[in-house]
Amino acid sequence: MWQLLLPTALLLLVSAGMRTEDLPKAVVFLEPQWYRVLEKDSVTLKCQGAYSPEDNSTQWFHNESLISSQASSYFIDAATVDDSGEYRCQTNLSTLSDPVQLEVHIATLKDSGSYFCRGLFGSKNVSSETVNITITQGLAVSTISSFFPPGYQVSFCLVMVLLFAVDTGLYFSVKTNIRSSTRDWKDHKFKWRKDPQDK
């Protein structure tokens, strides 16, 4: 037991001499990573900081006001406009994090439209598929437009059904031919000879 006394005493002396400026700064991460969300979206804020073994609580601040949650993650199930603002966190062995901004928006009729994402992949300019969003009486309905117009989709489905029917017919035809040739083989008697001249 006395062997643990010296390291414990050194640890207490070092931590007692540690100033607030020496502590690392906590960091807040958002999941999903974007800071603009729509009303009723779910958001998780995670605090990364150092904890002591005896106290692993986290202090959360929203617009400089302390939040009751003391977990390392703060979960917002259905975001409202009141959830907008700055979020910060702090652990017992870290200083207050830099603020992370969260903006909760209410979708309106003017937000209806086609949206897509474009970016560089290496030196190639790449675009995502278009997402059509239609807002109706406060509800957002999204559809992803396809590469093919609807007429081509119907034609494609018809061709696939036709190919399936032909493939099924060929399968049963080959299966019947194999059965009949097997039956024919069983009914015939073969004679084996050594020399090809004995035919």
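In this text, all values refer to a predicted model and were calculated from it rather than measured experimentally. Residues: numbered from 1 along the sequence shown.
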For this session: Under the side chain to side chain contact (heavy atoms under 4.5 Å, CB included) rule, what do I76 and Y87 come out as? Steps first, then yes or no, please.
Result: CA-CA 12 Å; I76 301 171; Y87 286 87; 3.7 Å; yes

Problem set entry | Derivation of the side chain to side chain contact (heavy atoms under 4.5 Å, CB included) call for I133 and I135 | CA-CA 7 Å; I133 296 180; I135 308 296; 3.8 Å; yes

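Nearest heavy atoms, K25 versus L96: CG-O, 3.4 Å. V28 approaches C89 most closely through the heavy-atom pair CG2-SG, 3.6 Å.
L109 contributes atom CG, which lies 10.5 Å from atom OG1 of T134 (distance to the nearest 0.5 angstrom). Within the model, atoms CD1 of I106 and OG1 of T80 stand 8.5 Å from one another, a figure rounded to the nearest 0.5 Å. To the nearest 0.5 Å, the span separating OG on S128 from OH on Y115 amounts to 13.0 Å. Residue I67 holds its CD1 atom at 11.0 Å from CD of Q59, rounded to the nearest 0.5 Å. Of the inter-residue distances, the one linking E31 atom CD with K46 atom NZ reads 4.0 Å to the nearest 0.5 angstrom. For the atom pair CG of D167 and CG of L162, the computed distance is 11.0 Å after rounding to the nearest 0.5 Å.
Checked against salt bridge (Lys or Arg N to Asp or Glu O under 4.0 Å), D41 has no partners two or more places apart in sequence or in another chain.
The hydrophobic clustering, which links ILVMFWY residues whose side-chain heavy atoms are closer than 4.5 Å, places V43 and V81 apart.
For the pair H62 (side chain) and S84 (backbone), a donor-acceptor distance under 3.5 Å is present.
Classification of the W60-Y74 ring pair by plane angle, with boundaries at 30° and 60°, yields tilted.
Pairs passing the salt bridge (Lys or Arg N to Asp or Glu O under 4.0 Å) check and including a residue from residues 60-85, sequence neighbours excluded, do not occur.
Taking the side chain as every heavy atom from C-beta outward, L102 and V37 approach each other to under 4.5 Å. Two residues are said to be in side-chain contact when any heavy atoms from C-beta on lie closer than 4.5 Å; L38 and V104 fail this criterion. At a threshold of 4.5 Å between non-hydrogen side-chain atoms, the residues N125 and L120 count as touching. Counting only heavy atoms from C-beta outward, the side chains of Q90 and R88 never approach each other to under 4.5 Å.
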Between side-chain atoms of residues 47-54 and protein atoms elsewhere (two or more places apart, or another chain), which donor-acceptor pairs fall under 3.5 Å?
| from | atom 1 | to | atom 2 | distance (Å) |
| --- | --- | --- | --- | --- |
| Y51 | OH | T58 | OG1 | 2.7 |
| S52 | OG | E54 | OE2 | 3.4 |
| S52 | OG | D55 | N | 3.4 |
| S52 | OG | N92 | ND2 | 2.5 |

